[in-house]
Each structure stands twice: as structure tokens, then as C-alpha cells.
Asker: 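Okay, here's the structure, questions in a sec.
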Amino acid sequence: MGSIVLFGPPGAGKGTQAHRIMEQTGLPQVSTGDMLRAAVKEGTPIGLDAKSYMDRGALVPDEVILGLIRERIQQPDAAEGVMFDGFPRTIPQAEALSELTEITHVLAIEVPDERIVDRICGRSSCGACGAVYHDTFNPVPTTGCACGQFVEKRRVDDNAETVQNRLAAYHEQTTPLAKWYESRGLFHRVDGDRDIDEISSDLLKLLE
Ligand code: AP5
């Protein structure tokens, strides 16, 4: 199997679905957002540079992202392919990726803009296992996170103002990728404005 791309606006459910697809297919999730947040937390030069872009909801420059990806896909667990989450986000990123690995599916999770703010502003995740929750739509089970502990994490960019910038960046810089991948016969759309389980089931069917 080659690599797959999860595509969609901020808050579409890419991370939520990546977690489930990873359990079913064994493909490791490669999230550039998670990699950047780890770099910010560690205070590396990449993290220090990226933070100002992320805090205002702008895209981090392509060469920074591509440096992270080149290093990540050389890891042994990436040998059979990976699941990219939040990457590529620009045509130059997609062009560079096509030189690095074969992409077999681009799975687009489509959600209208008006749903996005509520989704993002209620998000939390488990710092121990990475599972994604929502205060209303997908609460942490009363029995706790499936991993046995729940270490609550909230993102600094999950606020109504930054979300508007992230959406604008998505429409201006990322949506042109849909045509780019469509013209290569790789693009599949799934309605993301539904129950989380129904979306997972459709995504897994597309990968069969
Ligand atoms: P990144 O971390 O990639 O954030 P994003 O694309 O904005 O996506 P999110 O993680 O916010 O959303 P998601 O689709 O994963 O949704 P989730 O499953 O959590 O990027 C952050 C920043 O890093 C960017 O702004 C940029 O600065 C930089 N960056 C990263 N990659 C880059 C790149 N390649 N190039 C340049 N810059 C880059 O779900 C959201 C919420 O909704 C959760 O609470 C969840 O429980 C809930 N939910 C999920 N599905 C449903 C459903 N079906 N119904 C109801 N609620 C749902």
C-alpha cells in the first residue's frame, strides 16, 4: 500500500478519523500540525519560527514543512506508507511530496464553514494517547479515555478569531489542491457533516 492524504478544512475531523484509520490499517499518522506543536513545545529553532505563523492561523513556509516531512518519512515505520494529516496544504508541498512517495488516495472530509467554529472551540484531546474529543459532540467517556488516563490538552490556536484566519488560509492556499489531485484521479470526497462513525465507515470503504 502507498500513502494516503486526509484533506479538509480546520476542524473537519482529520485527526479524529486518522486515529480510527490508523487502528484499522496500521498506517502511521503523520500530522504536520502535531510535529510543529512538538517543535514549539521543545523550543527548537523550527518551533520558534513556526509559532508566530501558527498563533495567527497562517501557513508555515513550505520549506520548513518539507524539511520535517523529508526527515519523518525516512523513519522505519514509514517504509510501507503513511497517512498524512494536514499535509500537503499548498501546490508546492504536493509537488514535492509526489517526488518522495506514492500517494494512492486523497480523502477529502467536507464540512461547511459555519460548522467549523463550534467544532474547534469545543475541542480537547488526550495528551497521553492523542485521542480527540469535543465538549458536546464527542465528550470524553464517563469511564475515561480508552487509553486508561485522560490528560486534557487544549490548543492555543483553537479560538474564534484564529479559526477565521485558518479558514481563509484553507480557502486561498489549500483548496486549489482539490483540482490538482482530481486531475490525477486520486481525490475522493466524503460528507463530513455527519456522525463520526458513518464518516469512518465511508473512509475505510474507499481504502478497501
Ligand atoms: P493543524 O494541526 O493541521 O490544524 P488544522 O488543519 O487547522 O486541523 P485541525 O487539527 O484543527 O482539525 P482536524 O481536521 O484534525 O479536526 P479534529 O479531528 O481535531 O495545523 C495547525 C497549524 O499548523 C496551521 O494553522 C498552520 O499554521 C500549521 N501547519 C500545519 N500543517 C501545515 C502545512 N502542511 N503547511 C503549512 N502550515 C501548516 O476535529 C475537530 C473537533 O471536531 C474535535 O473536537 C472533534 O471531536 C470534533 N469532530 C470531529 N468530527 C466530528 C463530527 N463528524 N461531528 C461533530 N464533531 C466532530
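First listed ligand is number 1; within each ligand, the first listed atom is number 1.
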Asker: So, regarding Asp85 and ligand 1 (criterion: nitrogen or oxygen to nitrogen or oxygen, under 3.5 Å), is there a contact or not?
Answerer: no
Asker: When only distance counts, is Val60 in polar contact with ligand 1, meaning an N/O pair under 3.5 Å?
Answerer: yes
Asker: What atoms in ligand 1 come closer than 4.0 Å to a heavy atom of Gly192?
Answerer: 53 (N)
Asker: Measuring from the heavy atoms of Arg37, does anything fall under 4.0 Å of ligand 1?
Answerer: yes
Asker: Taking only heavy atoms of Phe137, which atoms of ligand 1 are found under 4.0 Å from at least one of them?
Answerer: 55 (C), 56 (N)
Asker: Between His134 and Asp118, do the side chains contain a donor N or O and an acceptor N or O under 3.5 Å apart?
Answerer: no
Asker: For residues 9-19, which side-chain N or O atoms pair as donor and acceptor with protein atoms under 3.5 Å away, sequence neighbours left out?
Answerer:
from  : atom 1 : to     : atom 2 : distance (Å)
Lys14 : NZ     : Gly8   : O      : 3.2
Lys14 : NZ     : Pro9   : O      : 3.0
Gln17 : OE1    : Ser200 : N      : 3.4
Gln17 : OE1    : Ser200 : OG     : 2.7
Gln17 : NE2    : Ile196 : O      : 3.2

Asker: Considering both backbone and side-chain atoms of Gly122, is one of its nitrogen or oxygen atoms within less than 3.5 Å of a nitrogen or oxygen in ligand 1?
Answerer: no
Asker: Please confirm whether Ser124 comes within less than 3.5 Å of ligand 1 when only nitrogen or oxygen atoms on both sides are compared.
Answerer: no
Asker: Around atom 44 (O) of ligand 1, find the nearest protein heavy atom and jot down its residue, atom name and distance.
Answerer: Tyr133 O, 2.7 Å
Asker: Indicate whether the side chain of Asp62 and that of Thr90 have a donor and an acceptor atom separated by less than 3.5 Å.
Answerer: yes
Asker: When you measure from atom 24 (C) of ligand 1 to every protein heavy atom, which one gives the shortest distance, and what is it?
Answerer: Arg89 NH2, 3.9 Å
Asker: Any idea which protein heavy atom is nearest atom 29 (N) of ligand 1, and the distance to it?
Answerer: Leu36 CD1, 3.5 Å
Asker: Among all protein heavy atoms in this structure, tell me which lies nearest to atom 25 (O) of ligand 1, with the distance rounded to 0.1 Å.
Answerer: Arg166 CG, 3.8 Å
Asker: Any atoms of ligand 1 less than 4.0 Å from a non-hydrogen atom of Gln93? List them with their elements.
Answerer: 33 (C), 34 (N), 35 (N), 36 (C)
Asker: Below 4.0 angstrom from a heavy atom of Ile199, which ligand 1 atoms are there? Numbered from 1 as shown, please.
Answerer: 53 (N)
Asker: According to the ring-ring contact (aromatic ring centres under 6.0 Å, His included) rule, which pairs have a member within residues 65-86, sequence neighbours left out?
Answerer: Phe84-Phe87
Asker: Report, in ascending order of atom number, the atoms of ligand 1 lying under 4.0 Å from any heavy atom of Ala12.
Answerer: 14 (O), 16 (O)
Asker: For atom 53 (N) of ligand 1, what is the closest protein heavy atom, and at what distance to 0.1 Å?
Answerer: Arg194 O, 2.8 Å
Asker: Any atoms of ligand 1 less than 4.0 Å from a non-hydrogen atom of Gly86? List them with their elements.
Answerer: 31 (N), 32 (C), 33 (C), 34 (N)
Asker: Could you grab the distance from atom CG of Asp191 to atom CD of Glu110, nearest 0.5 Å is fine?
Answerer: 7.5 Å
Asker: Identify the closest protein heavy atom to atom 12 (O) of ligand 1: which residue and atom is it, and at what distance?
Answerer: Gly11 N, 2.8 Å
Asker: Got the closest protein heavy atom to atom 10 (O) of ligand 1, with its distance?
Answerer: Arg155 NH1, 2.9 Å
Asker: Of the non-hydrogen atoms in Leu97 and Tyr181, which two are nearest, and what is the gap between them?
Answerer: CD2-OH, 4.1 Å
Asker: Show your working on salt bridge (charged side-chain N to carboxylate O under 4.0 Å, His left out) between Arg189 and Asp202 and close with a plain yes or no.
Answerer: CA-CA 10 Å; Arg189 295 170 194 274; Asp202 282 1; over 6 Å; no
Asker: Quick one: which ligand 1 atoms are inside 4.0 Å of a heavy atom on Ala58?
Answerer: 26 (C), 27 (O)
Asker: Considering both backbone and side-chain atoms of Arg123, is one of its nitrogen or oxygen atoms within less than 3.5 Å of a nitrogen or oxygen in ligand 1?
Answerer: yes
Asker: Linking I/L/V/M/F/W/Y whenever any side-chain heavy atoms sit under 4.5 Å apart, do Val117 and Val111 land together?
Answerer: yes
Asker: Would you call the rings of Phe187 and Phe7 parallel, tilted or perpendicular, taking 30° and 60° as the class edges?
Answerer: perpendicular
Asker: Judging by distance only, is a nitrogen or oxygen of Gly13 under 3.5 angstrom from one on ligand 1?
Answerer: yes
Asker: Is it true that atom CZ of Arg72 has more than 12 heavy atoms of other residues, nucleotides or ligands lying nearer than 6.0 Å?
Answerer: yes
Asker: Give the atoms of ligand 1, by number and element, whose distance to some non-hydrogen atom of Ile65 is under 4.0 Å.
Answerer: 32 (C), 33 (C), 34 (N), 35 (N), 36 (C), 37 (N), 38 (C)
Asker: Output yes when the distance from some N or O of ligand 1 to some N or O of Thr32 is under 3.5 Å, and no in every other case.
Answerer: yes
Asker: Regarding ligand 1, does Gly57 bring an N or O atom to under 3.5 Å of one of the ligand's N or O atoms?
Answerer: no
Asker: Please determine whether a side-chain nitrogen of the Lys or Arg among Arg20 and Asp197 lies less than 4.0 Å from a carboxylate oxygen of the Asp or Glu.
Answerer: yes
Asker: Has ligand 1 got any nitrogen or oxygen that is less than 3.5 angstrom from a nitrogen or oxygen of Gly15?
Answerer: yes
Asker: Looking only at distances, please establish whether an N/O atom of ligand 1 is found under 3.5 Å from an N/O atom of Gln17.
Answerer: no
Asker: Please list the nearest protein heavy atom to atom 49 (C) of ligand 1 with its residue and the distance rounded to 0.1 Å.
Answerer: Thr16 OG1, 3.5 Å
